[in-house]
Each structure stands twice: as structure tokens, then as C-alpha cells.
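Protein chains get the first letters and strands the later ones, always in sequence-line order, with residue 1 at the start of each.
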Amino acid sequence: MTKKHYKQVPSSISFPKLEEEILSYWEKNNTFQKSIDNRPSKIDGIRNDFVFYDGPPFANGLPHYGHLVTGYVKDIIPRYKTMKGKKVNRRFGWDTHGLPAELQSEKELKVSGRLEILDYGIDKFNKHCEKSVLRFTDEWEKYVSRSARWVDFKNSYKTMDSGYMESVIWAFKELWEKGLIYEDYRVVPYSWAVESPLSNFEIRMDNATRQRQDPTVTAGFKLNGMDKTTYICAWTTTPWTLPSNLALAVGKNMEYAILENEQACYIFSVGSISKYSKEIEELGLKQIKTIKGSELGGKTYTPLFNYFENHENAFRILAVDWVEDGEGTGCVHMAPGFGEIDMEACREAGIKLVVPVDSKGLFTSEIPDYEGKHVFETNKDIARRLRESGQLIRFETYLHNYPHCWRTDEPIIYKAINGWYVKVSEFKDKMVELNKSINWIPEHIKDGQFGKWLENAKDWNISRDRFWGAPIPVWISDDPKYPRIDVYGSIDELEQDFGTRPESLHRPHIDELTRPNPDDPTGKSAMRRVEAVLDCWFESGSMPFAQVHYPFENKDWFESNFPGDFIVEYVAQTRGWFYTLMVMSTALFERAPFKNCICHGVVLDEKHEKLSKRLKNYPDPVDMFNKHGSDAMRWYMVSSPLMSGGDLAIDLKGAGIGQTVRQINIPMWNAYYFFTLYANAENIKAHKIHSSDNVLDRYILSKSHNLVKSVEEHMDNLQLASATAEIQAFLETMNNWYIRRNRERFWNGKQQAFNTLYTVIEILCKVSAPFLPMLSEKIYTELTGQESVHLSDWENVDELPNDTNLINTMDIIRETCSTALGIREANKLRVRQPLQKMTVVVENHAGLEEFSDILKEEVNVKDIKIDSDLSRYGDMQLVVNPKIGKRLGSKMKEVMIESKSGNYKNLDNGNVEVAGIELQGDDYTMRLKTTDGMAAQTMQNGMGVVILDTEISKELEQEGLARDLVRAIQNARKDAKLDVSNRISLKIKLQQELVEVVNQFNDFIKSEVLASELVIVLSEDDVQSDYTYEDIKIGSYSIDLGISKI
RNA sequence: UGGUCUGUAGCUCAGCUGGUUAGAGCGCACGCCUGAUAAGCGUGAGGUCGGCAGUUCAAGUCUGCCCAGACCAACCA
């Protein structure tokens, strides 16, 4: 028994099982870590890191398809860069702070709201958050690992690590010192459900804004000092703010109409009258005159409710320039505690605001009638009271887009609240400028979605009145008489001033740091931390430096490796992570945070609707892993429009993924299986080569040159889908041309053929390693005996032959074959039936002779004739090169018509004249149209013609039958589960007519099927029990076939 | 209301700076091949390239308008 050089592999394999095997192989060999350690951080003093930022996910649920897509890209690029020689560290990160963690804990601890948490104890509450926030990390690790994504979990960063938090407060202090942070009392989107303000971009995330039906009220405010009762009408979508109304605003230059009936006057803007025609009719109103808004300015009115009736400066009409005739009445109700514009306008008018609503959205004792009631519950009652006082002009519901809290799904309110802000508006121009240096995929994001957003950037509210988060590192004197503000940017600074090192930067420990106010000579006041914590987006925006505890550690590394080289997330992160990274990076370092960014699209269901856990309208990823494997899923997603920002509609059964298995995984495996099968059968050990004297070898090597080169180009341009398309096309050529056409060489153990296939498969493994990390690993390691394809270097293109002529010629050959097979098909001539002659007529046939053996085999003909005289086989047609249209202009039309109808003449100088225009050189080509009735066909590219001699002589017919017989015997061998190298003994029982065929082709048959003996049996008596028999039909004959392994 | 993207075969999608008869995969029909075999290959049917205008010798490709969908923004007082 000879030693086999390659592992015996099964012809078909379970890819999911193969993947599990590779995953444990990697784990055992520590392959991932090696792939990083193998690469130096610097080469000749030049940085060699490829810096990739892994955006921290929040682990409050299991990963879904969106995460998987991102994860695949996050793996593909680093694997590619590693093979190209870069050191690519990949640390996983966890977003641990913020509302989701707190809400989860509230639910689990059954405490709800700020007061209950304070009661329960911040310490205990935060401890619980800390524990529960990591609950899903194991599950995440499982999913991520199963998807063959290499990322360092052990060394992962968490936003709650004290090092991370220290870097975050450092950043805060930097911004403070640059004057980019301020405290302000402003109206902000406020989630009463989580009792905290939200940032302007949180309410824009995903589907936070959606349709909602709200009551609207048009109320009449009674003007003071009028002869006749006069109502000025204002419209609002938030009736609950009417008790807090302190002013009305009208447009300075707008026209207002005064309408009256016997009892009263009503004022509407002229532009809004038509909308109120129904009410006007009901009240029997007639317009008496119009006045300018400026004339209304300064008038006072009686408040609708008396809660704030003595409020200073209040209940006046303000004439301003920003009111427009929109949906309302042209007169705006102002509740400065609940509207941004309201607040600004009232501040200018010297009206102090009132906020009679607490943190849970309940009215305070300032509104005794509704104390403890949720604001939304009071809308109806407010309308009822207005109706009773005759001041309700209209009540209706209104469908509009309204922001909701992205974590609780409850509608938000706008409310004045104290907060800390980053002055983003001050440096937004800088951000716009820095954005120009970023390479965005797809490109339109740069000046579109992201660029536009930057241009309109608003100041960012970074404070949250919550518990579980990085502290706002600001200490303020508790006595306004002795004001002082201290901001801290490190633990050391804290220790220095407070004399003790905080146990943790989390609340409540951080809050326990107090000290006497140094600016207070009485010594009575103290420095206390402001209570709020930081928006968790401030933390994720700090990720590039905070993950390495900059500037306290890794100072040199960070400074030479920032900005990052690459990030990827889905497109909505232009409002989220991409944005906060940009803000932090611009404010701190005046640099863009990353160089390249892929925004991928969204995975949808087959009806193009969002994936929803509730509807279960998508296949379970785990099922897909188990059924088709992760490599197929990776390929499927990465070769899709997702990579250029488009959506991908995934079908419920995952058929697209199964299709990938059939088109990519199986063909690749088949090639490898084929190689090992015959290398082992022939006891061949192959090695890598870069040249061969066989033309097919040189062809496929040239093709692999092109493959490596184009994949490299696409990858360098971050065009992942294009790269996969190249690999797929190569697979097709390798399997359905190179291997198929070379089968005989493999059967005969031609070393060069094996060397070539070995080389090509190895290259294919390398090129597809980022896209099929496990399948290519399996094949590569078994084929080469190397440790891992992911530890190998990217193939050096320059070493491979690059023969463009050969590739072009081969294209003609392949075209010839498919044309010839087309003729066979049309004439119902099976390929197994040999034919005598094929004529190939191509005008320029230099180099084609070399391929005549290939043609003979592929088309199964005895002789090939190559000719260049097209005119003998059909009529020539003039085909005009359309590019001459540029030169001819309007004459072109005529030239086209004339040439198509064959009206042209050949000139003596070899040129052609059409419609009076002389054409030469590249201006035209002649194309053959085959004469009807011949077994001939024009090639699809029109370059030539193929003619088949369809006459079948007796001899050819018999050879055909012999081949049929061989085919049948091979089938029987297969059925008997014989190895391709087993020798057999044959007994055939057949009709007299076939005996002649078998006799004549006896040697041929025996050698084709590896038969040592062939016995023709004419009666049943000779049947022996150690033979397996089959009934076979060949043409119109039926025979009994017996084979036995020797 | 504005911006960006998308609209090509039953389905999922290619189609470069405008250029001859618009492609691929899946599905369907019919064949073929098989010493890779629970694979492979070929052929066919199927398209007014969302619509209407325009520019041009020539438009799936460029321009304008319109329609539909997605996303982003504005409005939402």
C-alpha cells in the first residue's frame, strides 16, 4: 500500500460541521492571536498597525441580522489587511452605561422611577446594573465566535471600566477648558418615562419619530380693555401646556382679521380664516376689518386659567417676526416651560418661565386641579373647561409625526430643564471641513446624509439625570454667595483635592467626595458634584482614546495611530456613533476620527419590511448556521447590495443562503475533492509552480493572476461585493473549464497538471480567506500542511504569469466549443457520439492550432480544420463601429440604415464605402451570416463560424456505442461503490449486434473502465454470484452488465 | 415641503466615461453530460429598462418634469 500524500476527503461534506471543526482548531492553536503577534507594530520605524474601531454594542438582547452583517465586514477587512502584512488588533467593546441598563434593572428590582431608586439606594441599584449589563455577553460571544469573527473578547473594553471612565472625564475637562461646555436651562426633549432628557439625535434615531394621534385645541384668549368681548385665537397640539401659558405671539407684519357677531369679536390671521370657515359660519361671524400684527403687540389678555395670574410681565401679546401662517391661527400660544421658541421669546420679553410638571410628567401642586395627574391625561378636561367658559373654538384630533422615547416607546414631552451642553454649533464648520478627508462608502453619505447633518449640528445635551453612567466631573459650591466651579479630569486630581482616592467613579462613591469651598472665608459652604451623569453617547464617542486609557497610558501609540483606518456600521449611525465620534474627535484633536467608513444597508424581510422579533419574519440565524453554515451566510450578505448601502430582502427560509452554498461552497469543495482524489490515486505530491509548458496550465495561472489583482483592487477600494463577484467568476472557469478539460491529464498522473491545480487552489483559498474563512482554512491547511491560511501572506501577483493574449485566445476556443455543442444540440447529436470533422473559420486564427486537441476532446470530433476564409461559408455583413458616429454626426443615421440593408461596396484600396462615406480600419468589421441549411453556426461574438460534419459512418456509430457502454460500466462501478483506482472483471450479456462493437473496441473499453478481463456472455447459465448485475439500456439495445472487483 | 437613494425578466440583482441584438443567478420548460455525481452544463420562454418630454447621429445610461418606494431633514408653536 502506497502512502497517500493528501487526506482522503469525502465528496460531499457538511459545511456546518466543518466550521465547528475549524473553530475548535483555531481555539486550540491560538490562531487568532498568532495572526496579530506575527505582524510587527512598526516596520523600519514606520507604523504598521491597521486601526479598526469596533463600535460597542449594547448587550441587552441577542444579536440580529444587522449585527451579523456589520460583524462580517468587521472581520473581512481585518483578515485581508492581516494577510497584507498589517497588525490588526481587534478588541471587542461593550456599551454598558445608560438608560437601557437602568430600565432593565428597574424592571428586575421592581423599583420604578427616580424616587424609588433613591429609596432603594443608588449603591445597590448601580451594583445591580453592573451585574445585569453583562448578562448577554456570553450569548454574544457565542454568536460572534460562531460566525467566525475574530475579535478579542478576553481583553475587551467596557465603558464602565474605571480606566475608560477616567479617559471620558479627561475629555470632558479638555472640552471645558476649551470653553466648549456650558450649563444651561433649556427646553429639551424629555422622556418622562425614564425621567431624563434625551439628546437631539436620540429622538431622531431609527423609528423614534412616528405617527401619533393627538388632541388639538383652538382657544380664544380674552383681550383686556376692549369695548366688546374680544377673543384672539391660538392653536395648540399640546392642550396640557395651556395652564402654563404666559404669553401669545403674533407676526409683526402679518395681517389679522377681526370678525364679529352680536356677542363678541374673534381675531384670526387672514391666512387662517378659510380653515375655520365652519366655526365662523356657526358663530355667524362677519369680518369687520383687518389690522397688522404689530398693532396687537403689547395688548394684554386674561389668562385662561388663574394658576399664574399674578405672574410678572405675563399675558401680553408679543409681536415677533418668526410667526408664519402655518397650520394654526397665526397666533401662537406660548408656554415657555415647554417650548424652545416660547422660552426664548419670553426671556426677551422679561417673562420668567414656569414648569409645573415634575420629572415623571405629572402636574405639580402649582396646578392644584391636576396635581399628580399625567399631562397627557388632562388634555380632555382642559378642553372641557374651555368649552364651559366659551373659549373653545375648536377641538379635534390630529395625526402627526411625534418623537418617542427610543427605549420605552412612550411619547416624549418638551420641558425646560437644567443641563450640560457641548457647544457643537461653535465648531461645526470644522467638522464639515474634516469630513472632507473621510472616504465614505457609499460616497453620497459624505456630502449627503452625514455632511448635511454636520452643517446643521445643534448643541448637544450631554447630561442625564440618572444614576448608572460616567459622572459629570463638575463640583459646584452649594452657596451661591460664594460661587466656585471645579472640573476634574483624572483620578489623581480628585485625590489631590479631596484627599482620598475614590473607590469608583460611579455614583454614589463619586458623590461622596466633598470638601469645603476654598473661596468661602466662612468655611460653611461645600463643593458638591452636580448630580447628573453623562450621556452614554458621549462615552461611545470617546471610544478611540478611552479604550486605550489615553492620555494616562498608551500616549505614543494613540498619537501615532489616530485617526483609525476603518469603521463600519449601518447607515443610521450617521446620527449616532459616527456623529459622536466626529464631535469628540473634532473638539479634542481637531482631526477626523476615522479614514474609511462603510455604511451598510438594512436587512429586510422578503416583503421589504423591517425584521421584527414579534412577527418572526426572518429565518433564525442559529438555524442558518446549523443548516448552511456561517461562511455561506457571510458570502450571501457581503456579495449583496448591503455593501453599497442598499437594502437586502432576505427570504424566510433562507433560500438565498442555500443558493450560496450551491454556487460557492460546493464548487470550491468539489475542486479540492477532485484534486485529492486523483493525487492520491496516482500517488502524487504536488508543489507550487509559476509556469508550465501546458497551455491550459498557463491559462489558469494567468487567470489566477488576474483574480488576485482584481480582488486586491476591490478590497483596497472597500468594494467587497465586487471582490466576491471576481471569485465567483474564477470558480466557474476553474471548475467548468480548466478541470473538466484536463481530466485526462489527472487520470494519467501528469505532475504539471497537479502542480497547477495545487497552485490555483492554494491561491483561491488565500483570495477567499476573508470571505470564507473556515472553508478556505480547511482546504488550505489540508492541502498545504501549513498552519493557517490566515497566517499566510497575500499572494504576490508579480510571480504569476500574466498572458493576456492567451486569455483572449482561450475565450475564442471556449466560444467555439459552446457554438459546436449548440450545433450538436440542434441536430440531436449526443456528445458521446464521435463526429468526423469540425471546421472553425476565424479571420484571425493565429495560435488557434495549438488548441485543436482541446477542441477535439470537448466537441468529440476526429479532425479539426481551421480556416480563415469566411466568405466560403456564408455571406459577409458589414457591421459599422458605432463610435464613428462622433465623427459623422447626422450622416450616421443613413450609414447605419444602408449598412444594415447590405448596401455597401468594397473599394479597390481595401476600404468600404457606405452611403458615400469611406470607412477604413477600425471603422467597421465584417461579420459572417451563415448560409442557411448548413450544420453551421455563427459564434455569438460574430467573429467566426463553426461547421460540423454531421454524417455518421458505421465506424463512428460503433465507437459511439462503445462509449455508451463505457459510460454504463462507469455508472455500474459507481453504484458498486468502487474506488476510481479499483480494477474489475467484466461479464457482459448482450445482443448479437453489439458483440461486434465490443470486440472491436475491446482494448478501449477495458482501459477506460480499468477492466482486467472482459467476457461476453450469451446465456444466463454463465451468470456468477460474485458479480453484481445491472440491466442497462444503450440506445435501443438492452444489456446485462456484471462487474466484480479484483 | 426639501434632500439623498432606489425603480431593469416571475424573484434577487449586474449593466464602466451614452455606442451594434440589455445581462447573470434563482424559478419554469426541454435537452445534455457525468472517472467531481444528493453535483455539473446547454437551450428556450419571459423585458415598451417606472412614465412623459428633451439633448444627441445614437439614451437603460445625460437633462427636466411626473409617479412609486425607502431613508434623511424641515414643519409639527
Enquirer: Identify whether any heavy atom of A:Phe746 sits under 4.0 Å from a base atom; if not, whether one sits that close to sugar-phosphate; answer base, sugar-phosphate or nothing.
Expert: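 No contact at all - A:Phe746 keeps every heavy atom at 4.0 Å or more from the nucleic acid.
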Enquirer: So, is A:Asn670 close to the B:rA39 phosphate, meaning a side-chain N or O under 4.0 Å from OP1 or OP2?
Expert: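 No.
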Enquirer: Indicate, with yes or no, if the rings of A:Phe450 and A:Trp453 have centres closer together than 6.0 Å.
Expert: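 No, the ring centres sit 6.0 Å or more apart.
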Enquirer: Would A:Tyr636 and A:Gln659 count as a side-chain hydrogen bond (donor to acceptor under 3.5 Å, both in side chains) if you check the C-alpha gap in whole Å, the side-chain angles of each, and the deciding distance to 0.1 Å?
Expert: CA-CA 9 Å; A:Tyr636 172 66; A:Gln659 196 177 301; over 6 Å; no
Enquirer: Look at all strands and tell whether A:Asn881 reaches a base, only sugar-phosphate, or nothing, counting heavy atoms closer than 4.0 Å.
Expert: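 Here A:Asn881 touches no strand at all.
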Enquirer: The side chain of A:Gln970 lies closest to which of these nucleotides: B:rG35, B:rG19, B:rA36?
Expert: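 The closest nucleotide is B:rG35.
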Enquirer: Given A:Asp447 and A:Trp440, is the side-chain hydrogen bond (donor to acceptor under 3.5 Å, both in side chains) satisfied, shown in steps?
Expert: CA-CA 9 Å; A:Asp447 296 320; A:Trp440 287 94; over 6 Å; no
Enquirer: Using a cut-off of 4.0 Å on non-hydrogen atoms, how would the nucleic acid contact of A:Leu888 be classed: base, sugar-phosphate, or nothing?
Expert: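 A:Leu888: no heavy atom of the nucleic acid under 4.0 Å.
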Enquirer: Think A:Arg832 has a side-chain N or O under 4.0 angstrom from the OP1 or OP2 of B:rC33?
Expert: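 It does, given that an N or O in the side chain of A:Arg832 lies less than 4.0 Å from OP1 or OP2 of B:rC33.
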Enquirer: Taking the nucleotide of RNA chain B with the closest heavy atom to each, which residue, A:Leu829 or A:Ile445, is nearer the 5' end?
Expert: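 Nearest-nucleotide comparison on RNA chain B picks A:Ile445.
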Enquirer: OP1 or OP2 of B:rC33 less than 4.0 angstrom from a side-chain nitrogen or oxygen of A:Arg740, does that happen here?
Expert: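 It does not, given that no N or O in the side chain of A:Arg740 lies less than 4.0 Å from OP1 or OP2 of B:rC33.
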Enquirer: Which comes earlier along RNA chain B counting from the 5' end, the contact point of A:Val332 or that of A:Gly645, where each point is its nearest nucleotide?
Expert: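 Counting from the 5' end, the first nearest nucleotide belongs to A:Gly645.
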Enquirer: Can you check whether A:Trp747 stacks with the B:rG35 base, using ring centres under 5.5 Å and planes within 30°?
Expert: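 A stacking contact exists, since A:Trp747 sits close and nearly parallel to the base ring of B:rG35.
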Enquirer: Given atom CZ of A:Phe15 and atom P of B:rA38, what is their separation to the nearest angstrom?
Expert: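 Distance check: A:Phe15 CZ to B:rA38 P gives 13 Å.
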Enquirer: Quantified in whole Å, what is the P atom distance between nucleotide B:rU1 and nucleotide B:rG60?
Expert: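 It comes out at 31 Å once rounded to the nearest Å.
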Enquirer: Walk me through it: do A:His333 and A:Thr241 pass the test side-chain hydrogen bond (donor to acceptor under 3.5 Å, both in side chains)?
Expert: CA-CA 9 Å; A:His333 137 71; A:Thr241 61; 2.7 Å; yes
Enquirer: When you check the phosphate oxygens OP1 and OP2 of B:rU43, does a side-chain N or O of A:Arg824 lie under 4.0 Å from one of them?
Expert: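 Indeed not, no polar side-chain atom of A:Arg824 lies that close.
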Enquirer: Using the 3.5 Å cut-off, write out each protein N or O paired with an N or O of nucleotides 24-30 of chain B and the distance between them.
Expert:
{"from": "B:rG25", "atom 1": "O3'", "to": "A:Gln663", "atom 2": "NE2", "distance (Å)": "2.9"}
{"from": "B:rG25", "atom 1": "O2'", "to": "A:Gln659", "atom 2": "NE2", "distance (Å)": "3.0"}
{"from": "B:rG25", "atom 1": "O2'", "to": "A:Gln663", "atom 2": "NE2", "distance (Å)": "2.4"}

Enquirer: Verify the contact: side-chain N or O of A:Lys452 to OP1 or OP2 of B:rC72, cut-off strictly under 4.0 Å; return yes or no.
Expert: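 False: A:Lys452 side-chain N/O out of range (4.0 Å or more) of B:rC72 OP1/OP2.
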Enquirer: Just how far, in rounded Å, is C1' of B:rA38 from CD1 of A:Ile666?
Expert: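 A:Ile666 atom CD1 is separated from B:rA38 atom C1' by 9 Å.
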Enquirer: Assert yes or no for the condition that the ring centre distance of A:Phe675 to A:Tyr6 is strictly below 6.0 Å.
Expert: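 Under 6.0 Å, so yes.
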